[in-house]
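Below, chain A is the first sequence line, B the second, and so on; all start at residue 1.
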Amino acid sequence: MFNNFKYLVREGLRNAWANRLMTLASVGVLVCCLVLMGSAVLVSVNISHAMKWLQDQNVVMVFLNSTVSGSDASYTVSDVRNQILSVDNVDENNIEFISKEEGFQSLLDRFDEKLRIIDSLGDTANILPDAFRVGFKDPTRYETTVQQLKNLDVVYTVRDNRKYAEKLMGINKTVTVVGVWIVGLLLVVSLFIITNTIKLTMMVRKLEISIMKSVGATDWFIRMPFLVEGIVIGLTAGILSFALVSYIYSAATSAISSIMSAGALPYMSMIWWLLLAFVGSGVLSGALGSLFSIGKYLKDDGGVSGD
Amino acid sequence: MIEFRNVYKTYDNGTKALRDLNLRVNEGEFVFIVGSSGAGKSTLLKILMREETPNSGEVIVNNTRLSTLKHRDIPYYRRTLGMVFQDFRLIPNMTVFDNVAFAMRVTGASTKAIRKKVPYVLAHVGLAEKSKCFPNELSGGEQQRVGLARALINNPALIIADEPTGNVDPRMSFEIVDMLNQINRNNGTTILMVTHEHALVRKFRRRIIEIQNGELVADSGPEVDYYV
Ligand SMILES: Nc1ncnc2c1ncn2[C@@H]1O[C@H](COP(=O)(O)OP(=O)(O)O)[C@@H](O)[C@H]1O
Ligand SMILES: [Mg+2]
(Lines give C-alpha, C1' and ligand atoms only; values in the text may rest on other atoms or scores of the structure.)
(Ligands and ions follow the chains in the order given, each with its own letter.)
Protein backbone atom coordinates (compact mmCIF):
# COMPACT_ATOMS: atom_id res chain seq x y z
CA MET A 1 0.00 0.00 0.00
CA PHE A 2 2.98 2.35 0.44
CA ASN A 3 4.02 2.76 -3.17
CA ASN A 4 0.37 3.63 -3.58
CA PHE A 5 0.78 6.30 -0.95
CA LYS A 6 3.45 8.01 -3.01
CA TYR A 7 1.25 7.79 -6.06
CA LEU A 8 -1.77 9.21 -4.25
CA VAL A 9 0.19 12.12 -2.80
CA ARG A 10 1.51 12.94 -6.26
CA GLU A 11 -2.04 12.86 -7.60
CA GLY A 12 -3.17 15.24 -4.85
CA LEU A 13 -0.38 17.70 -5.67
CA ARG A 14 -1.29 17.43 -9.32
CA ASN A 15 -4.91 18.30 -8.44
CA ALA A 16 -3.85 21.33 -6.43
CA TRP A 17 -1.68 22.56 -9.27
CA ALA A 18 -4.16 21.89 -12.06
CA ASN A 19 -6.67 23.86 -10.04
CA ARG A 20 -4.25 26.54 -8.87
CA LEU A 21 -6.54 29.56 -9.09
CA MET A 22 -9.08 28.04 -6.74
CA THR A 23 -6.30 26.60 -4.62
CA LEU A 24 -4.92 30.10 -4.24
CA ALA A 25 -8.34 31.51 -3.36
CA SER A 26 -8.77 28.85 -0.70
CA VAL A 27 -5.33 29.53 0.71
CA GLY A 28 -6.10 33.27 0.80
CA VAL A 29 -9.35 32.91 2.69
CA LEU A 30 -7.87 30.42 5.09
CA VAL A 31 -4.90 32.74 5.74
CA CYS A 32 -7.30 35.59 6.60
CA CYS A 33 -9.14 33.31 8.96
CA LEU A 34 -6.02 31.99 10.64
CA VAL A 35 -4.40 35.42 10.98
CA LEU A 36 -7.50 36.85 12.68
CA MET A 37 -7.82 33.80 14.86
CA GLY A 38 -4.15 33.92 15.78
CA SER A 39 -4.28 37.64 16.55
CA ALA A 40 -7.33 37.25 18.75
CA VAL A 41 -5.64 34.46 20.67
CA LEU A 42 -2.42 36.46 21.05
CA VAL A 43 -4.26 39.56 22.25
CA SER A 44 -6.19 37.49 24.74
CA VAL A 45 -3.09 35.68 25.95
CA ASN A 46 -1.29 38.98 26.41
CA ILE A 47 -4.14 40.51 28.35
CA SER A 48 -4.16 37.51 30.64
CA HIS A 49 -0.45 37.91 31.03
CA ALA A 50 -0.82 41.58 31.94
CA MET A 51 -3.62 40.74 34.34
CA LYS A 52 -1.50 38.18 36.08
CA TRP A 53 1.35 40.65 36.23
CA LEU A 54 -0.90 43.23 37.85
CA GLN A 55 -2.15 40.76 40.40
CA ASP A 56 1.31 39.47 41.13
CA GLN A 57 2.37 43.00 41.92
CA ASN A 58 0.36 42.71 45.10
CA VAL A 59 0.99 46.40 45.52
CA VAL A 60 -1.41 49.33 45.72
CA MET A 61 -1.01 53.08 45.47
CA VAL A 62 -2.45 54.83 48.53
CA PHE A 63 -3.27 58.44 47.72
CA LEU A 64 -3.55 60.84 50.63
CA ASN A 65 -6.26 63.46 51.02
CA SER A 66 -4.05 66.10 52.52
CA THR A 67 -0.58 67.18 51.74
CA VAL A 68 2.21 65.71 53.83
CA SER A 69 5.09 67.26 51.97
CA GLY A 70 5.97 70.85 51.25
CA SER A 71 5.33 73.91 53.34
CA ASP A 72 1.57 73.46 53.79
CA ALA A 73 1.90 69.91 55.19
CA SER A 74 -0.69 68.94 57.76
CA TYR A 75 0.94 65.60 58.68
CA THR A 76 4.49 64.43 58.55
CA VAL A 77 5.43 61.58 56.30
CA SER A 78 6.36 59.32 59.17
CA ASP A 79 3.00 59.97 60.89
CA VAL A 80 1.16 58.74 57.87
CA ARG A 81 3.55 55.85 57.38
CA ASN A 82 2.81 54.71 60.94
CA GLN A 83 -0.91 54.99 60.32
CA ILE A 84 -0.61 52.87 57.23
CA LEU A 85 1.60 50.34 59.02
CA SER A 86 -1.09 49.98 61.63
CA VAL A 87 -3.00 47.93 59.11
CA ASP A 88 -1.60 44.54 59.97
CA ASN A 89 -1.25 43.10 56.48
CA VAL A 90 0.97 45.94 55.26
CA ASP A 91 4.52 44.83 54.65
CA GLU A 92 6.87 47.22 56.50
CA ASN A 93 9.68 46.30 54.12
CA ASN A 94 7.65 47.23 51.07
CA ILE A 95 6.32 50.70 51.67
CA GLU A 96 7.56 53.77 49.88
CA PHE A 97 6.57 57.41 49.95
CA ILE A 98 6.03 59.05 46.58
CA SER A 99 5.62 62.79 46.70
CA LYS A 100 3.22 64.41 44.28
CA GLU A 101 6.17 65.85 42.34
CA GLU A 102 7.73 62.43 41.93
CA GLY A 103 4.38 60.95 40.94
CA PHE A 104 3.83 63.65 38.37
CA GLN A 105 7.30 63.23 36.95
CA SER A 106 6.90 59.51 36.51
CA LEU A 107 3.57 60.11 34.84
CA LEU A 108 5.21 62.54 32.46
CA ASP A 109 8.06 60.15 31.80
CA ARG A 110 5.67 57.49 30.87
CA PHE A 111 3.93 59.57 28.27
CA ASP A 112 7.09 61.03 26.94
CA GLU A 113 7.11 64.01 24.59
CA LYS A 114 3.44 64.20 23.97
CA LEU A 115 2.77 65.69 27.37
CA ARG A 116 5.69 68.07 27.51
CA ILE A 117 3.21 70.85 27.14
CA ILE A 118 1.75 69.99 30.54
CA ASP A 119 5.23 69.99 31.95
CA SER A 120 5.64 73.55 30.82
CA LEU A 121 2.62 74.55 32.89
CA GLY A 122 4.69 73.78 35.93
CA ASP A 123 3.42 72.87 39.36
CA THR A 124 -0.03 74.33 38.87
CA ALA A 125 -0.89 71.45 36.52
CA ASN A 126 -0.02 68.86 39.14
CA ILE A 127 -3.29 67.68 40.55
CA LEU A 128 -1.78 64.45 41.86
CA PRO A 129 -1.85 63.99 45.62
CA ASP A 130 1.02 62.62 47.66
CA ALA A 131 1.03 58.88 47.85
CA PHE A 132 2.51 55.73 49.33
CA ARG A 133 3.31 52.58 47.39
CA VAL A 134 2.26 49.85 49.75
CA GLY A 135 2.96 46.11 49.48
CA PHE A 136 1.02 43.39 51.28
CA LYS A 137 2.33 40.44 53.21
CA ASP A 138 -0.58 38.13 52.46
CA PRO A 139 -2.06 38.52 48.97
CA THR A 140 -5.11 36.43 49.88
CA ARG A 141 -6.33 39.17 52.24
CA TYR A 142 -6.05 41.74 49.46
CA GLU A 143 -9.67 42.94 49.45
CA THR A 144 -9.99 43.46 53.21
CA THR A 145 -6.63 45.17 53.43
CA VAL A 146 -7.57 47.61 50.68
CA GLN A 147 -10.80 48.32 52.56
CA GLN A 148 -8.93 48.88 55.82
CA LEU A 149 -6.60 51.34 54.07
CA LYS A 150 -9.54 53.20 52.59
CA ASN A 151 -11.05 53.56 56.05
CA LEU A 152 -8.04 55.52 57.28
CA ASP A 153 -8.85 59.25 57.65
CA VAL A 154 -5.71 60.32 55.95
CA VAL A 155 -6.35 58.24 52.86
CA TYR A 156 -8.08 59.84 49.91
CA THR A 157 -8.29 56.74 47.78
CA VAL A 158 -6.51 53.50 47.00
CA ARG A 159 -5.62 52.71 43.40
CA ASP A 160 -6.58 49.16 43.26
CA ASN A 161 -4.74 47.13 40.58
CA ARG A 162 -7.43 44.54 40.79
CA LYS A 163 -9.84 47.07 39.39
CA TYR A 164 -7.55 47.37 36.39
CA ALA A 165 -7.35 43.65 36.23
CA GLU A 166 -11.14 43.50 36.16
CA LYS A 167 -11.28 46.04 33.39
CA LEU A 168 -8.73 44.04 31.44
CA MET A 169 -10.79 40.96 32.10
CA GLY A 170 -13.74 42.76 30.56
CA ILE A 171 -11.71 43.66 27.48
CA ASN A 172 -10.44 40.13 27.34
CA LYS A 173 -13.98 38.76 27.40
CA THR A 174 -14.98 41.09 24.59
CA VAL A 175 -11.94 40.13 22.54
CA THR A 176 -12.69 36.49 23.12
CA VAL A 177 -16.38 36.75 22.25
CA VAL A 178 -15.81 38.88 19.16
CA GLY A 179 -12.86 36.69 18.20
CA VAL A 180 -14.87 33.50 18.52
CA TRP A 181 -17.61 34.90 16.30
CA ILE A 182 -15.25 36.19 13.64
CA VAL A 183 -13.29 32.98 13.66
CA GLY A 184 -16.40 30.84 13.56
CA LEU A 185 -17.76 32.79 10.63
CA LEU A 186 -14.49 32.74 8.75
CA LEU A 187 -14.02 29.08 9.43
CA VAL A 188 -17.37 28.39 7.80
CA VAL A 189 -16.38 30.59 4.85
CA SER A 190 -13.00 28.85 4.51
CA LEU A 191 -14.56 25.43 4.69
CA PHE A 192 -17.09 26.49 2.06
CA ILE A 193 -14.36 27.73 -0.28
CA ILE A 194 -12.16 24.70 0.23
CA THR A 195 -15.11 22.40 -0.28
CA ASN A 196 -15.90 24.14 -3.55
CA THR A 197 -12.31 24.06 -4.71
CA ILE A 198 -12.23 20.36 -4.22
CA LYS A 199 -15.66 19.89 -5.76
CA LEU A 200 -14.27 21.61 -8.83
CA THR A 201 -11.44 19.11 -8.97
CA MET A 202 -14.02 16.39 -8.58
CA MET A 203 -15.96 17.67 -11.58
CA VAL A 204 -12.78 17.67 -13.64
CA ARG A 205 -11.99 14.20 -12.35
CA LYS A 206 -15.47 12.75 -12.60
CA LEU A 207 -14.49 10.28 -15.29
CA GLU A 208 -11.46 9.18 -13.33
CA ILE A 209 -13.50 8.68 -10.18
CA SER A 210 -16.14 6.67 -12.00
CA ILE A 211 -13.44 4.49 -13.55
CA MET A 212 -11.86 4.08 -10.13
CA LYS A 213 -15.19 2.91 -8.81
CA SER A 214 -15.70 0.54 -11.72
CA VAL A 215 -12.35 -1.17 -11.19
CA GLY A 216 -12.93 -1.52 -7.46
CA ALA A 217 -11.14 1.35 -5.74
CA THR A 218 -11.95 1.65 -2.05
CA ASP A 219 -13.35 4.90 -0.68
CA TRP A 220 -10.02 5.73 0.90
CA PHE A 221 -8.15 5.27 -2.32
CA ILE A 222 -10.51 7.65 -4.10
CA ARG A 223 -10.47 10.09 -1.22
CA MET A 224 -6.72 10.29 -0.74
CA PRO A 225 -5.75 12.64 -3.59
CA PHE A 226 -8.53 15.02 -2.54
CA LEU A 227 -7.44 14.81 1.04
CA VAL A 228 -3.89 15.59 -0.03
CA GLU A 229 -5.17 18.56 -2.03
CA GLY A 230 -7.01 19.87 1.03
CA ILE A 231 -4.02 19.31 3.26
CA VAL A 232 -1.74 21.13 0.81
CA ILE A 233 -4.11 24.10 0.94
CA GLY A 234 -4.24 23.97 4.73
CA LEU A 235 -0.51 23.54 5.19
CA THR A 236 0.32 26.43 2.88
CA ALA A 237 -2.21 28.67 4.61
CA GLY A 238 -0.92 27.60 8.04
CA ILE A 239 2.70 28.44 7.26
CA LEU A 240 1.83 31.73 5.54
CA SER A 241 -0.37 32.94 8.37
CA PHE A 242 2.21 31.90 10.94
CA ALA A 243 4.79 34.05 9.16
CA LEU A 244 2.35 36.93 8.87
CA VAL A 245 1.28 36.85 12.50
CA SER A 246 4.91 36.56 13.64
CA TYR A 247 5.70 39.73 11.74
CA ILE A 248 2.68 41.63 13.05
CA TYR A 249 3.36 40.47 16.58
CA SER A 250 6.98 41.53 16.67
CA ALA A 251 5.99 44.93 15.31
CA ALA A 252 3.16 45.27 17.82
CA THR A 253 5.12 44.14 20.88
CA SER A 254 7.82 46.75 20.41
CA ALA A 255 5.07 49.35 20.34
CA ILE A 256 3.25 47.89 23.34
CA SER A 257 6.24 47.42 25.61
CA SER A 258 6.89 51.17 25.52
CA ILE A 259 3.46 51.92 26.98
CA MET A 260 2.71 48.93 29.15
CA SER A 261 5.03 48.15 32.01
CA ALA A 262 3.84 44.55 32.07
CA GLY A 263 5.35 44.12 28.59
CA ALA A 264 4.18 41.66 25.97
CA LEU A 265 4.89 37.96 26.09
CA PRO A 266 8.11 37.24 24.23
CA TYR A 267 7.30 35.55 20.94
CA MET A 268 10.12 33.05 21.19
CA SER A 269 8.59 31.47 24.28
CA MET A 270 5.58 30.32 22.30
CA ILE A 271 6.91 30.04 18.76
CA TRP A 272 6.63 26.25 18.54
CA TRP A 273 3.18 26.20 20.00
CA LEU A 274 2.07 28.84 17.56
CA LEU A 275 3.60 27.10 14.58
CA LEU A 276 1.90 23.90 15.67
CA ALA A 277 -1.42 25.66 16.20
CA PHE A 278 -1.35 27.44 12.84
CA VAL A 279 -0.26 24.45 10.82
CA GLY A 280 -2.57 22.20 12.80
CA SER A 281 -5.69 24.28 12.29
CA GLY A 282 -4.78 24.87 8.64
CA VAL A 283 -4.35 21.20 7.93
CA LEU A 284 -7.46 20.30 9.90
CA SER A 285 -9.65 22.73 7.94
CA GLY A 286 -8.15 21.57 4.65
CA ALA A 287 -8.74 17.94 5.48
CA LEU A 288 -12.29 18.57 6.72
CA GLY A 289 -13.11 20.60 3.62
CA SER A 290 -12.04 17.81 1.33
CA LEU A 291 -13.79 15.11 3.33
CA PHE A 292 -17.02 17.14 3.27
CA SER A 293 -16.87 17.65 -0.47
CA ILE A 294 -16.33 14.05 -1.42
CA GLY A 295 -18.36 12.37 1.31
CA LYS A 296 -21.72 12.36 -0.40
CA TYR A 297 -20.20 11.40 -3.71
CA LEU A 298 -18.70 8.26 -2.28
CA LYS A 299 -21.79 7.12 -0.42
CA ASP A 300 -23.48 6.58 -3.76
CA ASP A 301 -22.67 3.17 -5.20
CA GLY A 302 -23.60 4.40 -8.68
CA GLY A 303 -21.70 6.53 -11.13
CA VAL A 304 -19.77 3.55 -12.40
CA SER A 305 -20.87 3.56 -16.01
CA GLY A 306 -21.15 7.31 -15.78
CA ASP A 307 -24.66 8.14 -16.97
CA MET B 1 -22.21 -18.15 -11.86
CA ILE B 2 -25.02 -15.62 -12.32
CA GLU B 3 -28.57 -15.97 -11.15
CA PHE B 4 -31.46 -13.49 -11.33
CA ARG B 5 -34.52 -14.56 -9.34
CA ASN B 6 -37.75 -12.61 -9.83
CA VAL B 7 -35.89 -9.35 -10.20
CA TYR B 8 -37.90 -6.13 -10.40
CA LYS B 9 -36.31 -2.75 -10.96
CA THR B 10 -38.30 0.47 -10.95
CA TYR B 11 -36.38 3.76 -11.11
CA ASP B 12 -37.24 6.65 -8.82
CA ASN B 13 -39.15 8.37 -11.62
CA GLY B 14 -41.45 5.35 -11.91
CA THR B 15 -39.90 3.75 -15.01
CA LYS B 16 -40.23 -0.02 -14.77
CA ALA B 17 -36.90 -1.15 -16.23
CA LEU B 18 -37.05 -4.83 -15.25
CA ARG B 19 -40.11 -6.94 -14.44
CA ASP B 20 -39.85 -10.34 -12.89
CA LEU B 21 -36.59 -11.23 -14.59
CA ASN B 22 -35.32 -14.77 -14.14
CA LEU B 23 -32.00 -15.79 -15.62
CA ARG B 24 -29.24 -18.27 -15.01
CA VAL B 25 -25.81 -18.10 -16.62
CA ASN B 26 -23.27 -20.84 -15.97
CA GLU B 27 -19.58 -20.36 -15.49
CA GLY B 28 -17.72 -20.11 -18.82
CA GLU B 29 -20.71 -19.10 -20.90
CA PHE B 30 -20.71 -16.33 -23.51
CA VAL B 31 -24.04 -14.55 -23.62
CA PHE B 32 -25.26 -11.94 -26.08
CA ILE B 33 -28.00 -9.72 -24.65
CA VAL B 34 -30.18 -8.16 -27.31
CA GLY B 35 -33.33 -6.05 -27.30
CA SER B 36 -34.48 -2.68 -28.49
CA SER B 37 -33.36 0.57 -26.94
CA GLY B 38 -34.84 1.17 -23.48
CA ALA B 39 -35.61 -2.54 -23.01
CA GLY B 40 -33.64 -2.76 -19.79
CA LYS B 41 -30.35 -4.31 -20.92
CA SER B 42 -28.09 -1.70 -19.31
CA THR B 43 -30.16 -1.88 -16.14
CA LEU B 44 -29.47 -5.59 -15.95
CA LEU B 45 -25.72 -4.96 -16.30
CA LYS B 46 -25.80 -2.14 -13.75
CA ILE B 47 -27.39 -4.44 -11.23
CA LEU B 48 -24.55 -6.88 -11.85
CA MET B 49 -22.02 -4.08 -11.32
CA ARG B 50 -23.83 -3.25 -8.11
CA GLU B 51 -24.41 0.24 -9.42
CA GLU B 52 -28.16 -0.19 -9.08
CA THR B 53 -30.06 -2.43 -6.71
CA PRO B 54 -33.28 -4.27 -7.53
CA ASN B 55 -36.51 -3.29 -5.78
CA SER B 56 -37.22 -6.93 -5.20
CA GLY B 57 -35.84 -10.31 -6.13
CA GLU B 58 -32.41 -11.76 -5.65
CA VAL B 59 -29.23 -11.59 -7.71
CA ILE B 60 -26.40 -14.00 -7.00
CA VAL B 61 -22.97 -13.71 -8.61
CA ASN B 62 -20.20 -16.18 -7.80
CA ASN B 63 -22.06 -17.31 -4.69
CA THR B 64 -22.41 -13.73 -3.50
CA ARG B 65 -25.91 -12.45 -2.85
CA LEU B 66 -25.60 -8.88 -4.08
CA SER B 67 -28.29 -7.71 -1.66
CA THR B 68 -26.07 -8.67 1.28
CA LEU B 69 -23.07 -6.70 0.02
CA LYS B 70 -22.21 -3.81 2.29
CA HIS B 71 -20.95 -0.50 0.93
CA ARG B 72 -17.40 -1.30 1.96
CA ASP B 73 -17.50 -4.74 0.32
CA ILE B 74 -18.50 -3.36 -3.08
CA PRO B 75 -14.97 -2.41 -4.29
CA TYR B 76 -13.72 -5.92 -3.59
CA TYR B 77 -16.70 -7.41 -5.40
CA ARG B 78 -16.08 -5.17 -8.42
CA ARG B 79 -12.47 -6.30 -8.63
CA THR B 80 -13.80 -9.71 -9.65
CA LEU B 81 -15.53 -8.13 -12.65
CA GLY B 82 -14.18 -6.62 -15.85
CA MET B 83 -16.26 -3.85 -17.35
CA VAL B 84 -16.22 -2.62 -20.93
CA PHE B 85 -18.29 0.39 -22.02
CA GLN B 86 -19.55 1.75 -25.30
CA ASP B 87 -17.74 5.10 -24.80
CA PHE B 88 -14.45 3.35 -23.81
CA ARG B 89 -14.11 5.45 -20.64
CA LEU B 90 -10.38 6.02 -21.03
CA ILE B 91 -8.67 8.88 -19.19
CA PRO B 92 -7.62 11.34 -21.92
CA ASN B 93 -4.47 12.68 -20.27
CA MET B 94 -3.06 9.23 -19.47
CA THR B 95 -1.14 7.03 -21.86
CA VAL B 96 -2.43 3.63 -22.90
CA PHE B 97 -0.06 2.05 -20.41
CA ASP B 98 -1.24 4.27 -17.55
CA ASN B 99 -4.90 3.76 -18.37
CA VAL B 100 -4.45 0.03 -17.96
CA ALA B 101 -2.06 0.37 -15.01
CA PHE B 102 -4.62 2.56 -13.27
CA ALA B 103 -7.01 -0.36 -12.82
CA MET B 104 -4.23 -2.39 -11.26
CA ARG B 105 -2.95 0.38 -9.02
CA VAL B 106 -6.41 0.87 -7.56
CA THR B 107 -6.27 -2.65 -6.18
CA GLY B 108 -3.03 -1.88 -4.36
CA ALA B 109 -0.71 -3.70 -6.79
CA SER B 110 3.00 -2.86 -6.56
CA THR B 111 4.76 -0.86 -9.28
CA LYS B 112 6.85 -3.90 -10.02
CA ALA B 113 3.83 -6.09 -10.61
CA ILE B 114 2.27 -3.36 -12.77
CA ARG B 115 5.39 -3.05 -14.95
CA LYS B 116 5.34 -6.77 -15.50
CA LYS B 117 1.68 -7.35 -16.16
CA VAL B 118 0.53 -4.34 -18.20
CA PRO B 119 2.81 -4.97 -21.24
CA TYR B 120 1.75 -8.59 -21.21
CA VAL B 121 -1.96 -7.75 -21.39
CA LEU B 122 -1.39 -4.99 -23.95
CA ALA B 123 0.44 -7.48 -26.15
CA HIS B 124 -2.48 -9.84 -25.72
CA VAL B 125 -4.87 -7.30 -27.25
CA GLY B 126 -2.33 -6.36 -29.95
CA LEU B 127 -1.38 -2.95 -28.63
CA ALA B 128 2.21 -3.53 -27.49
CA GLU B 129 3.49 -0.77 -29.78
CA LYS B 130 0.88 1.75 -28.67
CA SER B 131 1.60 1.71 -24.97
CA LYS B 132 3.00 5.27 -24.95
CA CYS B 133 0.17 6.69 -27.08
CA PHE B 134 -2.66 8.79 -25.71
CA PRO B 135 -6.27 7.71 -26.34
CA ASN B 136 -6.93 10.46 -28.92
CA GLU B 137 -4.10 9.08 -31.05
CA LEU B 138 -5.92 5.77 -31.43
CA SER B 139 -8.82 4.56 -33.60
CA GLY B 140 -12.11 3.57 -31.97
CA GLY B 141 -11.25 -0.09 -32.28
CA GLU B 142 -7.86 0.45 -30.67
CA GLN B 143 -9.36 2.49 -27.84
CA GLN B 144 -11.81 -0.28 -27.14
CA ARG B 145 -8.96 -2.77 -27.03
CA VAL B 146 -7.35 -0.59 -24.35
CA GLY B 147 -10.69 -0.78 -22.52
CA LEU B 148 -10.61 -4.53 -22.90
CA ALA B 149 -7.03 -4.71 -21.62
CA ARG B 150 -8.10 -2.70 -18.59
CA ALA B 151 -11.03 -5.05 -18.00
CA LEU B 152 -8.70 -8.05 -18.21
CA ILE B 153 -5.86 -6.74 -16.07
CA ASN B 154 -7.20 -8.00 -12.73
CA ASN B 155 -8.09 -11.48 -14.07
CA PRO B 156 -11.85 -11.17 -13.65
CA ALA B 157 -14.05 -14.24 -13.60
CA LEU B 158 -16.79 -12.29 -15.37
CA ILE B 159 -16.64 -9.65 -18.09
CA ILE B 160 -19.59 -7.32 -18.57
CA ALA B 161 -19.63 -5.38 -21.84
CA ASP B 162 -22.33 -2.83 -22.64
CA GLU B 163 -22.42 -2.30 -26.42
CA PRO B 164 -18.61 -2.49 -26.67
CA THR B 165 -18.75 -2.20 -30.47
CA GLY B 166 -21.21 0.69 -30.56
CA ASN B 167 -18.52 3.23 -31.44
CA VAL B 168 -16.29 0.96 -33.49
CA ASP B 169 -16.33 0.32 -37.26
CA PRO B 170 -17.65 -3.10 -38.37
CA ARG B 171 -14.30 -4.75 -39.16
CA MET B 172 -12.87 -3.73 -35.79
CA SER B 173 -16.12 -4.77 -34.11
CA PHE B 174 -15.57 -8.29 -35.36
CA GLU B 175 -12.02 -8.26 -33.99
CA ILE B 176 -13.15 -7.14 -30.57
CA VAL B 177 -15.86 -9.75 -30.25
CA ASP B 178 -13.40 -12.31 -31.58
CA MET B 179 -11.02 -11.30 -28.80
CA LEU B 180 -13.76 -11.70 -26.20
CA ASN B 181 -14.58 -15.05 -27.74
CA GLN B 182 -10.94 -16.13 -27.45
CA ILE B 183 -10.72 -14.97 -23.84
CA ASN B 184 -13.85 -16.96 -23.08
CA ARG B 185 -12.55 -20.07 -24.83
CA ASN B 186 -9.00 -19.92 -23.47
CA ASN B 187 -9.55 -18.73 -19.92
CA GLY B 188 -13.11 -19.84 -19.25
CA THR B 189 -14.05 -16.26 -18.39
CA THR B 190 -17.81 -15.78 -18.34
CA ILE B 191 -18.89 -13.00 -20.70
CA LEU B 192 -22.08 -10.95 -20.90
CA MET B 193 -22.25 -8.65 -23.87
CA VAL B 194 -25.07 -6.29 -24.83
CA THR B 195 -25.23 -5.58 -28.54
CA HIS B 196 -27.46 -4.31 -31.32
CA GLU B 197 -25.42 -5.85 -34.10
CA HIS B 198 -27.22 -8.89 -35.41
CA ALA B 199 -24.40 -9.69 -37.84
CA LEU B 200 -22.07 -10.32 -34.89
CA VAL B 201 -24.62 -12.36 -32.99
CA ARG B 202 -25.21 -14.57 -36.03
CA LYS B 203 -21.50 -14.89 -36.77
CA PHE B 204 -20.42 -16.09 -33.33
CA ARG B 205 -23.38 -18.34 -32.55
CA ARG B 206 -23.29 -18.13 -28.77
CA ARG B 207 -26.12 -18.00 -26.27
CA ILE B 208 -28.61 -15.21 -27.01
CA ILE B 209 -30.98 -13.55 -24.54
CA GLU B 210 -33.59 -11.08 -25.66
CA ILE B 211 -35.12 -8.49 -23.35
CA GLN B 212 -38.14 -6.38 -24.23
CA ASN B 213 -39.92 -3.96 -21.91
CA GLY B 214 -37.94 -5.23 -18.96
CA GLU B 215 -38.96 -8.83 -19.55
CA LEU B 216 -36.96 -11.76 -20.81
CA VAL B 217 -38.75 -12.74 -24.02
CA ALA B 218 -36.34 -15.19 -25.64
CA ASP B 219 -33.39 -17.33 -24.57
CA SER B 220 -31.44 -19.70 -26.80
CA GLY B 221 -30.63 -21.69 -23.67
CA PRO B 222 -27.45 -22.42 -21.72
CA GLU B 223 -24.34 -23.50 -23.60
CA VAL B 224 -24.15 -26.80 -21.80
CA ASP B 225 -21.86 -28.24 -24.43
CA TYR B 226 -18.92 -25.98 -23.48
CA TYR B 227 -18.79 -26.43 -19.74
CA VAL B 228 -20.45 -29.25 -17.94
N1 LIG C 1 -31.19 6.32 -13.90
C2 LIG C 1 -32.40 6.18 -14.49
N3 LIG C 1 -33.44 6.86 -13.99
C4 LIG C 1 -34.65 6.73 -14.56
N5 LIG C 1 -34.92 5.96 -15.59
C6 LIG C 1 -33.92 5.25 -16.14
C7 LIG C 1 -32.61 5.32 -15.61
N8 LIG C 1 -31.81 4.52 -16.34
C9 LIG C 1 -32.59 3.98 -17.27
N10 LIG C 1 -33.86 4.39 -17.16
C11 LIG C 1 -35.01 3.97 -17.97
O12 LIG C 1 -35.15 2.58 -17.79
C13 LIG C 1 -35.48 1.96 -19.02
C14 LIG C 1 -34.44 0.92 -19.35
O15 LIG C 1 -33.20 1.56 -19.59
P16 LIG C 1 -31.87 0.80 -20.01
O17 LIG C 1 -31.68 -0.32 -19.05
O18 LIG C 1 -30.79 1.80 -20.10
O19 LIG C 1 -32.25 0.25 -21.45
P20 LIG C 1 -31.31 -0.30 -22.61
O21 LIG C 1 -29.92 -0.37 -22.09
O22 LIG C 1 -31.89 -1.63 -22.92
O23 LIG C 1 -31.45 0.64 -23.72
C24 LIG C 1 -35.57 3.07 -20.04
O25 LIG C 1 -36.91 3.43 -20.18
C26 LIG C 1 -34.77 4.18 -19.45
O27 LIG C 1 -35.28 5.42 -19.87
MG1 LIG D 1 -28.16 0.60 -22.77
Are there over 12 heavy-atom neighbours, none belonging to [X], within less than 6.0 Å of that residue's [atom1]?
X: B/D12; atom1: CG; value: no
X: B/K9; atom1: NZ; value: yes
X: A/F192; atom1: CZ; value: no
X: B/N63; atom1: CG; value: no

For a quick test of reading the model, state the closest non-hydrogen atom pair linking [X] to [Y] and the distance between them.
X: A/V215; Y: B/N154; result: O-ND2, 4.4 Å
X: B/I91; Y: A/I211; result: CG1-CD1, 3.7 Å
X: A/M212; Y: B/F102; result: CG-CZ, 3.2 Å
X: A/G216; Y: B/V106; result: C-CG1, 3.6 Å

Next on the checklist: Go through it in stages, so that I can follow the logic: the residues are B/E51 and A/K213, the test is side-chain contact (heavy atoms from CB on, under 4.5 Å), and I'd like the CA-CA distance, side-chain angles, deciding distance and then a yes or no.
Outcome noted: CA-CA 10 Å; B/E51 191 181 339; A/K213 283 185 170 185; over 6 Å; no

Checklist entry - Considering only heavy atoms, which portion of B/M104 lies under 4.5 Å from any heavy atom of chain A: side chain, backbone, both, or neither? => result neither

Item to check | Contacting region of B/L45 [heavy-atom separation from chain A under 4.5 Å] | outcome: neither

Item to check | By side-chain contact (heavy atoms from CB on, under 4.5 Å) - contacts of B/M179 (at least two apart) | outcome: B/V125, B/R145, B/L148

Item to check | Neighbourhood of chain A inside residues 71-83 of chain B, taking heavy atoms under 4.5 Å as contact | outcome: B/H71, B/I74, B/P75, B/Y76, B/R78, B/R79, B/M83

Checklist entry - With sequence neighbours left out, which residue pairs that include part of residues 14-41 of chain A fulfil the salt bridge (Lys or Arg N to Asp or Glu O under 4.0 Å) condition? => result A/E11-A/R14

Checklist entry - Given that the side chain runs from C-beta out, which part of A/I222 has a heavy atom under 4.5 Å from chain B: side chain, backbone, both or neither? => result neither

Checklist entry - Could you go step by step and tell me if B/M49 and A/S214 meet the side-chain contact (heavy atoms from CB on, under 4.5 Å) rule? => result CA-CA 8 Å; B/M49 296 169 188; A/S214 75; over 6 Å; no

Next on the checklist: Restricting to salt bridge (charged side-chain N to carboxylate O under 4.0 Å, His left out), what partner residues turn up for B/E3, sequence neighbours left out?
Outcome noted: B/R5, B/R24

